[in-house]
Amino acid sequence: MNSPEQPLPTFDEVLLCTPQTSAEQVGLFLRRCLIPCPGGNKIYTMLYADELSYDVSCRAEELFQHLQCYNSSYRLIILCNCERENSYLPSAFSHYKVHMIPQRSQAEMQQYLQQHFRVAQPYSSAAAVFKEFMCVGIVSSKRAGMGK
């Protein structure tokens with residue numbers, strides 16, 4: 001987000017982890033990150049890595065240790081819930097830990113996201129139902145199960 005022109009991450013740069021995420025999915029993601037390829041200036045991000053099962057986390061760490069020697073300039077961010085930082089994967093990578101403080105204000109981040117999520121031609125898009133013709137939106141309610 002250093003420049004408003006920088007694109008959002010692509011689907012291959014982000015892995016959203018859940019307890020159901022398989023070792024194969026994590027392995028493919030780590031291979032994309034750690035095996036050098038042309039145009040390799042991507043920043044890879046694992047979200048909620050603390051949600052991975054113990055077995056998947058162990059295999060991910062082993063694969064990381066094995067593949068790390070192929071690329072010394074990889075860019076990998078592992079985000080986890082600070083309340084679960086004692087789970088396996090965050091603990092295994094704790095020596096790489098960096099506490100981050102956002103360098104941009106919330107307003108600047110919102111403006112950046114609005115720029116990238118706005119539909120160019122709103123008249124023919126379902127984005128017309130969202131505020132300012134955004135192609136994403138969050139629908140929430142204080143009452144669960146009310147037909148969102």
Side-chain angles (χ1 to χ4, degrees), residues 1-37 39-119 126-127 129-148:
M1 202 184 107
N2 290 330
S3 164
E5 290 78 38
Q6 283 183 311
L8 291 168
T10 58
F11 70 94
D12 65 327
E13 293 175 87
V14 178
L15 179 64
L16 180 60
C17 301
T18 68
Q20 290 76 36
T21 302
S22 69
E24 181 181 7
Q25 290 171 306
V26 175
L28 289 171
F29 179 79
L30 289 174
R31 283 179 178 84
R32 281 195 300 266
C33 173
L34 296 169
I35 295 177
C37 63
N41 293 328
K42 296 181 176 185
I43 300 173
Y44 293 89
T45 306
M46 289 179 70
L47 298 170
Y48 305 115
D50 54 298
E51 295 283 331
L52 294 173
S53 70
Y54 180 80
D55 292 337
V56 171
S57 295
C58 288
R59 291 176 63 186
E61 182 194 14
E62 289 172 11
L63 183 61
F64 176 84
Q65 298 300 336
H66 174 72
L67 294 175
Q68 187 180 12
C69 64
Y70 292 104
N71 186 0
S72 62
S73 63
Y74 64 90
R75 299 194 295 179
L76 174 63
I77 298 170
I78 301 175
L79 296 174
C80 64
N81 184 340
C82 64
E83 294 173 3
R84 292 181 40 107
E85 66 184 350
N86 293 326
S87 60
Y88 186 86
L89 208 56
S91 295
F93 288 90
S94 64
H95 55 283
Y96 296 108
K97 187 181 204 175
V98 175
H99 289 282
M100 288 294 300
I101 297 173
Q103 300 298 309
R104 305 281 186 210
S105 69
Q106 183 177 356
E108 286 177 305
M109 289 187 266
Q110 287 174 336
Q111 184 178 11
Y112 172 81
L113 292 172
Q114 284 177 351
Q115 176 184 341
H116 289 283
F117 285 128
R118 185 169 285 121
V119 175
V129 300
F130 288 114
K131 181 181 176 183
E132 299 178 10
F133 302 105
M134 295 291 141
C135 63
V136 296
I138 297 174
V139 178
S140 64
S141 172
K142 293 180 182 177
R143 296 173 56 192
M146 297 306 292
K148 295 180 286 300

Next on the checklist: Can you give me the closest heavy-atom contact between Cys33 and Asn71, atom names plus distance?
Outcome noted: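 Scanning both residues completely, I find the closest heavy atoms to be O-ND2, 3.7 Å.
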Item to check | side chain to side chain contact (heavy atoms under 4.5 Å, CB included) evaluation trace for Cys80 with Tyr48 | outcome: CA-CA 5 Å; Cys80 64; Tyr48 305 115; over 6 Å; no
Next on the checklist: Tell me if the OH atom of Tyr54 is crowded by more than 12 foreign heavy atoms within 6.0 Å.
Outcome noted: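 Incorrect, the count does not exceed 12.
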Checklist entry - Which heavy-atom pair separates Lys42 from Tyr44 by the least distance, and what is that distance? => result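 Smallest interatomic distance, heavy atoms only, reads CD-OH, 3.6 Å.
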Checklist entry - Hey, mind stepping through Val26 and Leu28 against side chain to side chain contact (heavy atoms under 4.5 Å, CB included) and telling me if it holds? => result CA-CA 6 Å; Val26 175; Leu28 289 171; over 6 Å; no
Checklist entry - What distance do Thr45 atom OG1 and Ile77 atom CD1 have between them, rounded to the nearest 0.5 Å? => result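 Reported to 0.5 Å precision, the distance equals 4.0 Å.
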Checklist entry - Hey, does the side chain of Asp50 reach the backbone of Arg84 with a donor-acceptor pair shorter than 3.5 angstrom? => result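 Flag not set: sc Asp50 to bb Arg84 has no pair under 3.5 Å.
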Checklist entry - Are any of the side-chain heavy atoms of Arg31 and Leu63 separated by less than 4.5 Å? => result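 They are in side-chain contact.
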Checklist entry - side chain to side chain contact (heavy atoms under 4.5 Å, CB included) between Leu89 and Met46: does it pass, once the steps are laid out? => result CA-CA 11 Å; Leu89 208 56; Met46 289 179 70; 4.0 Å; yes
Next on the checklist: Please find the pair of heavy atoms, one from Val14 and one from Pro9, that lie closest to each other, and give the distance.
Outcome noted: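 Heavy-atom minimum between the residues: CG2-CB, 3.8 Å.
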Next on the checklist: For the backbone of Gln65 and the side chain of Gln68, can you confirm whether one donor and one acceptor N or O come within less than 3.5 Å of each other?
Outcome noted: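 Here the side-chain-to-backbone pair does not exist.
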Item to check | Shortest non-hydrogen contact between Leu52 and Thr18, atoms and distance | outcome: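 The pair with the smallest heavy-atom distance is CD2-O, 4.0 Å.
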Next on the checklist: Within this structure, what is the NE2-CD distance for the pair His66 and Glu61, rounded to the nearest 0.5 Å?
Outcome noted: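 It is 14.5 Å, given to the nearest 0.5 Å.
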Item to check | Non-hydrogen atoms of Gln25 and Leu15 that approach each other most closely | outcome: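 Scanning both residues completely, I find the closest heavy atoms to be O-CD2, 4.4 Å.
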Next on the checklist: side chain to side chain contact (heavy atoms under 4.5 Å, CB included) for Leu76 and Leu30? Distances and angles first, verdict last.
Outcome noted: CA-CA 9 Å; Leu76 174 63; Leu30 289 174; 4.2 Å; yes
Checklist entry - Do you know the tightest heavy-atom contact between Leu8 and Tyr112? => result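 Scanning both residues, the minimum pair turns out to be CD2-CE2, 3.7 Å.
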Next on the checklist: Assess the residue pair Ser57 and Asp55 against the criterion (side chain to side chain donor-acceptor pair (under 3.5 Å)); give the C-alpha distance rounded to whole Å, side-chain angles, the decisive distance to 0.1 Å, and a yes or no.
Outcome noted: CA-CA 5 Å; Ser57 295; Asp55 292 337; over 6 Å; no
Next on the checklist: I need the Thr21 OG1 to Leu47 CG distance, nearest 0.5 Å.
Outcome noted: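 Rounded to the nearest 0.5 Å, the OG1-CG separation comes out at 10.5 Å.
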Next on the checklist: Quick check: Phe64 with Phe93 (ring centres under 6.0 Å apart)?
Outcome noted: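 Yes, ring centres under 6.0 Å apart.
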Checklist entry - When rounded to the nearest 0.5 angstrom, what is the spacing between CD in Gln115 and CD in Gln110? => result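 Nearest 0.5 Å value for the CD-CD distance: 14.0 Å.
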Checklist entry - Between Thr10 and Asp12, do the side chains contain an N or O donor and an N or O acceptor separated by less than 3.5 Å? => result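 Yes.
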Next on the checklist: Has Arg59 got a side-chain atom pairing as donor or acceptor with Ala23's backbone, closer than 3.5 angstrom?
Outcome noted: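 No, the answer is negative, given that no donor and acceptor are paired below the 3.5 Å cut-off.
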Checklist entry - If we only count heavy atoms from C-beta on, is the Ser105 to Glu108 side-chain gap below 4.5 Å? => result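 Sidechains of Glu108 and Ser105: in contact.
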